[in-house]
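Scroll down for the structure; my scribbles are underneath it.
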Amino acid sequence: MNGKTVTINGRAEELNVEPRRNLADYVREDLLLTGTHVGCEQGICGACTVVRDGRPVRSCLTPASSCEGSEVRTIESFDGDALMIRLREAFSQEHALQCGFCTPGMLITAQDIVRRFAGETISDKTIRYELSGNLCRCTGYVGIVRAIQKVLESYKTGPKPEAMICNTVETLNLPALDTIPLEQNANQESRTAATRSMADGNGRRIETQFELAYPAAAVWTILREELPAVVACLPGAELSSLNDDGTLEGFFNVKLGPVSARIKGEGKATFDDSSWQGQVSGQGSDSRSNSRAQGTLSFSLAELDASNSKMTVAISFEMSGALAQFSRGGLVEEIIGVLIEQFQTNFSRHLAGEAPVKQASLGIFQLAWMAFRRWLRR
């Protein structure tokens with residue numbers, strides 16, 4: 001026995017497992033909690049969704065050993081939950097299930113949606129976006145969307161459902177890691193000073209601040225005059241053309257699980273010299289994977305003294321199509337967090353006259369490794 005424990009459905013369980021064993025197999029085979037279904041085993045279908053520290057996660061991608069000290073809830077723990085009772089009744093009334101294989105994961109995602117939007121009026125499109133990481137091969141989602149809308153409507157009067165306790169545990173934990181060059185010789189003293197995450201339409205936005213040992217005016221000149229090189233500091237991004245009016249064309253390369261895409265898009269860069277603020281925004285698509293994305297990189301500078309400045313960077317993006325399969329369980333938030341940290345490192349290297357860390361595209365194992373390193377630093 002290794003002495004490690006995890007709380008599963010309110011009960012402490014020993015984590016005497018091999019490092020490669022995932023959470024789905026652990027709860028199903030060791031604890032006989034078979035309500036958690038296993039489908040694709042690649043994090044795509046969402047059938048294995050459980051709640052870890054208040055956030056939905058895919059248990060097939062989560063090593064059981066990484067859950068030490070966490071609180072995990074499977075579908076069995078929601079039998080007496082008032083919100084889940086409403087959802088089960090609505091699913092039955094609206095014919096939101098047929099074979100039932102996806103239903104446990106679908107219900108867990110649905111309760112997360114209702115907890116966040118209870119009492120609000122949101123569109124069917126928003127609900128479908130929120131459900132995009134849970135696949136159903138039977139219903140066509142119409143009944144599922146109606147059921148969730150019905151429960152949301154029921155909370156417009158009366159008390160809202162209690163928010164689930166959410167610890168500071170990261171949800172992107174994968175068993176296999178690629179060996180890649182990462183942030184070597186990075187200036188540790190210029191690490192992120194403050195990071196915050198917020199909703200941004202249907203996507204997520206992460207904003208961070210960090211200090212630079214360069215005058216603000218000099219940094220702004222580089223942002224204005226060397227924009228292609230600045231964009232290249234963002235892993236997977238490349239600028240192919242930039243016109244005098246700020247319009248631009250470029251590519252974004254991403255590989256998540258079995259889905260890879262080279263998104264070709266267009267956008268615009270804007271700068272406000274008086275306030276040292278600017279942004280690069282764009283949208284595009286990849287016909288091969290039928291994926292679409294839109295995003296924004298915003299930045300601003302503040303002068304600390306004659307030789308030092310503070311930079312604020314925010315990244316947000318939304319995905320649809322095949323890539324939207326990865327939009328739940330905190331994964332998009334983790335992707336943005338990794339992107340923004342790697343941008344900081346590469347931009348600091350660019351200011352120092354060094355080449356950025358080479359990374360042709362975003363791979364899920366690379367992201368997992370970078371996320372793990374971020375977690376260790378915290």
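Excluded from the calculations below are hydrogen atoms, water molecules and symmetry mates; all remaining heavy atoms, backbone and side chain alike, are included.
- Between the side chain of R58 and the backbone N or O of G43, at least one donor-acceptor pair lies under 3.5 Å.
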Query raised in the report: side chain to side chain contact (heavy atoms under 4.5 Å, CB included) between Y26 and L15: does it pass, once the steps are laid out?
Result: CA-CA 9 Å; Y26 174 67; L15 271 175; 4.1 Å; yes

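- By the 30° and 60° cut-offs, the orientation of the rings of F299 relative to F271 is tilted.
- A269 approaches V280 most closely through the heavy-atom pair CB-CG2, 4.1 Å.
- Not counting sequence neighbours, the partners of F347 by the ring pair (Phe, Tyr, Trp, His ring centres under 6.0 Å) test are F343.
- In the hydrophobic clustering of ILVMFWY residues, with side-chain heavy atoms under 4.5 Å counting as a link, Y214 and F210 come out together.
- Inter-residue side-chain proximity for W276 and L223 is flagged as unmet; no heavy-atom pair is nearer than 4.5 Å.
- Using modelled atom types, no side-chain atom of S92 and backbone atom of R88 make a donor-acceptor pair closer than 3.5 Å.
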Report task. Determine, stepwise, if the pair T312 / Q209 fulfils side chain to side chain donor-acceptor pair (under 3.5 Å). Result -> CA-CA 4 Å; T312 301; Q209 295 179 338; 3.3 Å; yes

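- In this structure, E153 pairs ionically with K156, as a charged nitrogen and a carboxylate oxygen lie closer than 4.0 Å.
- Residue pairs meeting the salt bridge (charged side-chain N to carboxylate O under 4.0 Å, His left out) criterion with at least one partner in residues 93-106, sequence neighbours excluded, are E94-R146, E94-K150.
- Remark: the backbone N or O of S59 is not paired with any side-chain donor or acceptor of R52 at under 3.5 angstrom.
- Side-chain contact, Q149 with D124: a donor N or O sits under 3.5 Å from an acceptor N or O.
- Between P228 and V231 the shortest side-chain heavy-atom distance does not fall below 4.5 Å.
- In this structure, V50 and T62 have side chains that are not in contact, with every pair of non-hydrogen atoms separated by 4.5 Å or more.
- Scanning for ring pair (Phe, Tyr, Trp, His ring centres under 6.0 Å) contacts around F101 gives H37, with sequence neighbours left out.
- Applying the salt bridge (charged side-chain N to carboxylate O under 4.0 Å, His left out) rule to pairs touching residues 266-281 yields R224-D273, sequence neighbours excluded.
- Of the possible donor and acceptor atoms, one in the side chain of D81 sits under 3.5 Å from a partner among the backbone N and O of L83.
- Under the side-chain contact (heavy atoms from CB on, under 4.5 Å) criterion, N9 pairs with L33, R73, T74, E76, S77, not counting sequence neighbours.
- In this structure, the side-chain contact (heavy atoms from CB on, under 4.5 Å) partners of K264, at least two apart in sequence or on a different chain, are F251.
- Counting only heavy atoms from C-beta outward, the side chains of V51 and Q111 approach each other to under 4.5 Å.
- Between C102 and N134 the shortest side-chain heavy-atom distance does not fall below 4.5 Å.
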Requested in this report: Evaluate the criterion side chain to side chain donor-acceptor pair (under 3.5 Å) for residue pair S123 and T126; output intermediate values, then yes/no.
Outcome: CA-CA 5 Å; S123 66; T126 298; 3.0 Å; yes

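- Checking side-chain atoms of D53 against main-chain N and O of E71 turns up a donor-acceptor pair under 3.5 Å.
- Looking at E68, its side chain never comes within 3.5 Å of a backbone N or O of S65 through a donor-acceptor pair.
- The same ILVMFWY cluster, assembled from side-chain heavy atoms under 4.5 Å apart, contains both L31 and V57.
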